[in-house]
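Here is the structure we will look at, set down as structure tokens.
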Amino acid sequence: MTPRDRSREIWRRALEVLVGGVNSPVRAFRAVGGEPIIVERASGGRIWDADGNEYLDYISSWGAMILGHAHPAVTSALREQAERGSSYGVTNELEVQLAEQIRGALPSMERVRFVSSGSEAAMSALRAARGFTGRELVVKFQGGYHGHADSFLSEAGSGLATFGIAASAGVPESFAALTLNAPYNNPAAVKEIFAKRGKEIAAIFVEPVAANMGVVPPEPGFLQMLRDVTAEHGSLLVFDEVITGFRIAWGGAQNAVGIPPDLTVLGKIIGGGMPVAAYGGRADVMKMVAPEGPVYQAGTLSGNPLAMRAGLSTLAELRRPGFYEELDARAKRLAEGLTAAAKDAGVPVAINRAGSLLTVFFTEGRVRDYASAKHSNTERFATFFRRMFERGILLPPSQFEALFLSAAHTDADIARTIATARESFSGLTAN
Ligand SMILES: *Cc1c(COP(=O)(O)O)cnc(C)c1O
């Protein structure tokens with residue numbers, strides 16, 4: 001590893017001009033200490049910093065780069081589209097094609113609306129749910145993340161979990177009061193909320209596999225219970241599949257569990273690395289959205305043709321037979337290897353995995369909700385992160401984020417990651 005002089009110099013300049021040096025909080029690496037990586041380029045499963053150091057990248061742009069960086073098919077689609085224009089502001093067939101692909105994969109999404117970020121999609125889905133039901137309350141789960149709209153910022157996962165922000169400043173008390181939090185995987189708590197306030201609840205928002213408090217899979221029956229309780233009370237069930245969409249399975253987690261939500265939120269993978277997200281679902285609900293209905297939502301760059309092309313070329317690769325089976329098999333090997341390495345080093349960990357999403361929690365017990373995730377020894381995680389980083393392996397810089405495997409991670413990469421983890425676990429309990 002060469003000294004990170006140039007990276008350090010860029011970081012110093014970043015701190016002078018960008019808020020906290022970044023454009024999204026976790027990138028500041030504050031939970032793990034040290035100076036963050038400054039990226040120069042990326043290809044396949046690898047990323048290079050401004051000093052030319054190479055890292056195996058398990059951030060994968062937070063899951064968006066499921067094919068790896070600069071995939072040739074996506075790159076050539078983008079190049080070709082750039083010559084035809086990068087934004088039209090009027091409708092183009094590519095938007096129809098990507099929506100058709102998505103509906104084909106996720107039949108519950110009878111109507112689709114593209115937007116530019118997952119936050120925007122979740123915020124808009126909630127507005128549509130409120131418009132349709134005429135109700136104001138939303139139920140979400142502790143440690144769940146649905147972007148940064150006002151309604152979702154209490155007891156949220158992702159960066160808020162990382163920085164210990166229980167509720168964001170700047171959200172009016174009167175908005176925050178409309179959001180009810182329940183513990184994930186706790187049917188009794190959800191039933192109690194519905195018993196008390198069921199008639200006021202517009203929707204439940206849930207990550208069908210929680211991945212923003214680290215990975216926490218749903219326990220058997222939990223999602224079905226949410227389906228039943230919302231149907232019973234005339235509330236909508238919204239699956240936030242921004243991470244799980246086209247990752248857990250072709251389509252998303254709803255296909256894997258066989259439970260159709262009323263609305264779905266997508267992002268990350270469907271843009272193939274470009275800023276795209278979508279919300280959609282039941283035609284009668286989506287009819288509420290302008291220009292068909294009175295719920296207003298719009299976007300200058302929505303359905304952007306470059307982004308649509310990146311999404312279409314990504315989905316074409318994901319459709320290949322065996323894609324998810326292969327990725328899953330490799331992730332399973334990684335999880336098994338990490339489990340054995342931690343055990344041999346005497347480091348207590350709980351490794352949760354759902355398909356190609358994985359988190360090594362530095363804790364003894366099982367992790368099944370936000371409270372148990374928070375039992376993790378974050379100091380130990382930080383030391384482990386730094387040891388891996390110094391050895392050229394870039395993990396997500398927070399205990400409360402998933403590690404994202406991509407199709408560009410080879411068997412040799414997995415073996416190297418396990419061997420490096422073995423070194424990094426060694427002596428860790430002394431810290
Ligand atoms: C990333 C994420 C979002 C927000 O998407 P952005 O594009 O970052 O705004 C929403 N929900 C989930 C589950 C996410 O992981």
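Predicted model, so just to flag it, every value in this text is computed and none were measured. Along the sequence shown, the residues carry numbers beginning at 1.
Here the CG atom belonging to Leu137 is positioned 13.0 Å from the NZ atom belonging to Lys199, to the nearest 0.5 angstrom. The CG atom of Leu78 sits 6.0 Å away from the CG atom of Leu306 when rounded to the nearest 0.5 Å.
In this structure, Asn53 contributes its side chain and Met1 its backbone to no donor-acceptor pair below 3.5 Å. When atom types are taken as modelled, the side chain of Asp262 and the backbone of Leu237 share a donor-acceptor pair closer than 3.5 angstrom. In this structure, Asn185 contributes its side chain and Pro217 its backbone to a donor-acceptor pair below 3.5 Å. Between the side chain of Arg135 and the main chain of Ile201, a donor-acceptor pair closer than 3.5 Å is present. In this structure, Gln399 contributes its side chain and Val360 its backbone to a donor-acceptor pair below 3.5 Å. A donor-acceptor distance shorter than 3.5 angstrom exists from the side chain of Glu241 to the backbone of Ala253, with no hydrogens or angles considered. Judged by distance alone, with hydrogens and angles left aside, the side-chain atoms of Arg353 form a donor-acceptor pair with the main-chain N or O of Gly355 at under 3.5 Å.
For the pair Asp413 and Arg330, the salt-bridge criterion is not met [side-chain N within less than 4.0 Å of a carboxylate O]. Glu192 and Lys196 are joined by a salt bridge, as a carboxylate oxygen and a charged side-chain nitrogen come within less than 4.0 angstrom of each other. Between Arg4 and Glu35 there is no salt bridge, since no side-chain N of the basic residue sits under 4.0 Å from a carboxylate O of the acidic one. Using a cut-off of 4.0 Å between Lys/Arg side-chain N and Asp/Glu carboxylate O, Asp5 and Arg8 are scored as salt-bridged. For Asp51 and Arg6, the salt-bridge test fails: no basic side-chain N is under 4.0 Å from an acidic carboxylate O. Salt bridge absent: Lys374 and Asp369 never bring a charged side-chain N and a carboxylate O closer than 4.0 Å. A salt bridge is defined here as a Lys NZ or Arg NE, NH1 or NH2 lying under 4.0 Å from an Asp or Glu carboxylate O, and Arg13 with Glu9 meets this definition.
For the 3.5 Å distance criterion, the side chains of Arg247 and Ser356 qualify, holding a donor opposite an acceptor.
Relative orientation of the His409 and Tyr58 rings is parallel, given thresholds of 30° and 60° on the angle between their planes. Using cut-offs of 30° and 60° for the angle between ring planes, the Phe246 and Trp250 rings count as perpendicular.
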> Can you list the steps and then say if Arg320 with Glu326 is a salt bridge (Lys or Arg N to Asp or Glu O under 4.0 Å)?
Replying inline: CA-CA 11 Å; Arg320 288 201 335 266; Glu326 278 171 38; 5.4 Å; no
> Are Val139 and Phe194 close enough, and set up right, to give a side chain to side chain contact (heavy atoms under 4.5 Å, CB included), and what steps lead you there?
Replying inline: CA-CA 9 Å; Val139 174; Phe194 271 82; 4.2 Å; yes
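For Glu292, there are no salt bridge (Lys or Arg N to Asp or Glu O under 4.0 Å) partners two or more places apart in sequence or in a different chain. Under the rule for a salt bridge (Lys or Arg N to Asp or Glu O under 4.0 Å), the partners of Lys332 that lie at least two apart in sequence or sit in another chain are Glu336.
The environment of His69 atom NE2 is dense: over 12 non-hydrogen atoms of other residues, nucleotides or ligands sit within 6.0 angstrom.
No close placement of the Phe141 and Tyr370 rings is indicated, their centers lying 6.0 Å or farther apart.
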N/O donor to acceptor pairs below 3.5 angstrom from side-chain atoms of residues 98-109, sequence neighbours left out:
residue, atom, partner, partner atom, Å
Gln101, OE1, Arg319, NH1, 3.4
Arg103, NH1, Glu110, O, 3.3
Ser108, OG, Gln254, OE1, 2.6

